[in-house]
**Student:** 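Sending over a structure as structure tokens; questions will come in a sec.
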Amino acid sequence: MIQIYLRILQFVRPYWRHLSVSIVCTVFFSLFSGISIYLVIPLLDTLFDQNALVEVTGSAPDPQLPGWIENLKESVSDSFNSFVFAGEKLDALFRICLIVLAAFFLKNIFGFIQAYSLAYVEQGVMRDVRNALFRHIHKLSLGFFTHERAGNLISRVTNDVNVIQHSISASFLNLLREPLLVLVFLGIAVSISWKLTLISILILPLALQVTARIGIRIHKESSNIQSKMADMTSALQETITGVKVVKAFGMEKFETRKFAKQTKKYFEYVLKITRIRNMGPPLTESLGVLAAVVIIWYGGKQILVDHTLKASEFLGLLFAILQTMHPLKELSSVSNRLHESAAAGSRIFDILDMQPNIREKPGAVELEELREKIEFRNVTFAYEETRDAAQSDGRAVLKNLSLVVKKGEVLAVVGPSGGGKTTLVDLIARFYDPVEGKILIDGVDSRDFTIESLRSKIGIVSQETVLFNDTVRNNIAYGLVDSPFENIVRASKAACAHEFIIALPRGYDTMIGERGIMLSGGQRQRLSIARAILKNPPIMIFDEATSALDSESEALVQEAIEHLMQCRTCFVIAHRLSTIRNADRIIVLDGGEIVQTGTHKDLLKEKRGVYHRLYELQFNA
Ligand code: ADP
Ligand code: MG
């Protein structure tokens, strides 16, 4: 826990200036809090017309206090009294009012600066941690995202970062300010009457304990409530996004019942927490009053019978003691908060410590251009979770695969689903690295190139189009922000997208909504092709780019694809064999191995081959 804590503090370091301001202000805030309470005594004295300069009978020094404190107390109060109580009573009142005003004013000023500069530190740290997480998450390899649920990651960046904020305020505010305040107030109380103070601090913490307990219960229950709320939200989200399926299967009643179960649970939890929460104040109040009564009885006796205490002093003492309650309460929750933020911190650092599997070699060079060929040489690949099993029983996704694709060639990859087609093309862009063997670009291992330069040479159009909630224009120019508008239009025309874009309400400046909801599948696909055309990469990968489309938009998309294939090295994965008849070469991938190679005509001749079977399935069914 300490280590995590120290790591969180590392994020605090750049903010040391604001932090120091906050700390200094905290000290002054505590001092002025004490002074403003202390001033109540002379104020009351003036109001109740007691001359403070007259010795109260028996206000003898407390026997146990060391001499120097007594002396200090004497001299401070003497000079104070001689200043305030000199002259007319009304003047004295005026002066004391002014001082009270000044003390409270200063206290609040320091309080404000302290709170503001601490918030600056906290929010700054949170911003930095969030940015670090985001940056790091985007550095991680694709494989990481298949293990980690998006919701988890999102919660790391939002909730967990919020929680570590507490450790900052806990350590720099609560662990400093609250003890200081307690010290100051207790000091005041002791200087008035140490006996009474002792009695009070024996009784009052009892009441405090009870409140703290209740606080902990509430805290626990509220996290339950939050998870119930999350359940409800996800149920709602699921059924709303899947409303068509719900209706089609006539599951409205079932879903409604399921939802009602969740609202019932939520209802119960909220009632429970309300019960606990509302039990707190009456309980604490009763206990507090009990404690106060004991103190008042004892103090009252000293005032009325023993004459060892002034009424004003007694009230000052009560004030001071009461003021220690809040800081004590805060302190009691500090360890809880530190624990929580350590847990959140460790979840955050787990991610920050994760090393991307795909790393750039030191001294990697730029890939300038593709000159000759791309070669797979004895490539074996298995996904991480099955890697060990794959090595023992040969269930690898790609098995000792070799393949040469010349520059400008259009290679079609076909085969049954799960045959490893997507995996094969993912290796080219280094979304994954081969377990054995290598991929060579013009004879150089692709791992010797910088990842950025490698990926900049590759365009990918896949079945899932990814569009961002932005304008059409910015979606096409994704990653190429400075492209001139003419180029964007030219790319759209080549992608057969221009027509429908200008028919949109605001043409190229139309916002296309999250995930491109406003557009049809074919339109989305043509936008992503326009994006690829604008990027103009020498290597193009089409992964079932037309599979999700109806035949009419498929024809349009097919035309766009043909434009994009010109003068490029292409890998085309296609479900429908009609789309790849014109490929220079076709490979059939089955079970991670190339089982057939040739042109469409060649492959059809092999009557017992996989290709012939696939062909039969599609055209003679
Ligand atoms: P295709 O594109 O030919 O349909 P894939 O290359 O997507 O096939 O998948 C090949 C095999 O690898 C399948 O058995 C699939 O279950 C497995 N696979 C694909 N992606 C992953 C992944 N991210 N993690 C683990 N296994 C995967
Ligand atoms: Mg696939």
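Whatever order the structure lists them in is the order used to number ligands and atoms, beginning at 1.
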**Student:** Under 4.0 Å from atom 24 (N) of ligand 1, is there at least one protein heavy atom?
**Tutor:**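 Yes, at least one protein heavy atom sits under 4.0 Å from atom 24 (N) of ligand 1.
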**Student:** Is the closest protein non-hydrogen atom to atom 15 (C) of ligand 1 under 4.0 Å?
**Tutor:** no
**Student:** Any N or O of G419 that comes nearer than 3.5 Å to an N or O of ligand 1?
**Tutor:** yes
**Student:** Can you tell which part of T422 has a heavy atom less than 4.0 Å from ligand 1: side chain, backbone, both or neither?
**Tutor:**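 For T422, backbone and side-chain atoms both sit under 4.0 Å from ligand 1.
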**Student:** Is the Mg ion (ligand 2) under 2.8 Å from any N, O or S atom of T422?
**Tutor:**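 Looking at T422, which is the residue asked about, there is an N, O or S atom under 2.8 Å from the Mg ion (ligand 2).
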**Student:** Please list the nearest protein heavy atom to atom 3 (O) of ligand 1 with its residue and the distance rounded to 0.1 Å.
**Tutor:** K421 N, 2.8 Å
**Student:** Quick one: look up the protein heavy atom nearest atom 19 (C) of ligand 1 and list residue, atom name and how far away it is.
**Tutor:** Y383 CE1, 3.4 Å
**Student:** Could you pull out all residues at least two apart from L604 that satisfy side chain to side chain contact (heavy atoms under 4.5 Å, CB included)?
**Tutor:** H600, Y611, H612, Y615
**Student:** When you measure from atom 13 (C) of ligand 1 to every protein heavy atom, which one gives the shortest distance, and what is it?
**Tutor:** G418 O, 3.9 Å
**Student:** Testing V161, I348, V125 one by one against R130 for a side-chain contact (heavy atoms from CB on, under 4.5 Å), which residue passes?
**Tutor:** V161
**Student:** Would you say the rings of F485 and Y508 are close, in the sense that their centroids are separated by under 6.0 Å?
**Tutor:**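 Aromatic pair counts; centres sit under 6.0 Å.
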**Student:** Kindly indicate whether the side chain of N475, heavy atoms from C-beta on, has any atom under 4.5 Å from the side chain of R531.
**Tutor:** yes
**Student:** Of all the non-hydrogen atoms in the protein, which one sits nearest to atom 8 (O) of ligand 1, and at what distance?
**Tutor:**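 So the nearest neighbour among protein heavy atoms is G420 N, 3.3 Å.
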**Student:** Would you call R337-E340 a salt bridge at under 4.0 Å N-O?
**Tutor:** no
**Student:** Of the protein's non-hydrogen atoms, which lies at the shortest distance from atom 6 (O) of ligand 1, and what is that distance?
**Tutor:**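 The answer is T423 OG1, 2.4 Å.
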**Student:** Do Y15 and D128 have side chains that approach each other closer than 4.5 Å (heavy atoms only, starting at C-beta)?
**Tutor:** yes
**Student:** Quick one: do the T599 and D602 side chains pair a donor with an acceptor below 3.5 Å?
**Tutor:**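 Side chains of T599 and D602: pair found under 3.5 Å.
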**Student:** Do D160 and L133 touch side chain to side chain, with heavy atoms closer than 4.5 Å?
**Tutor:**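 D160 vs L133: side chains apart.
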**Student:** Under 4.0 Å from a heavy atom of S417: give me the atoms of ligand 1 that qualify, with their elements.
**Tutor:** 4 (O)
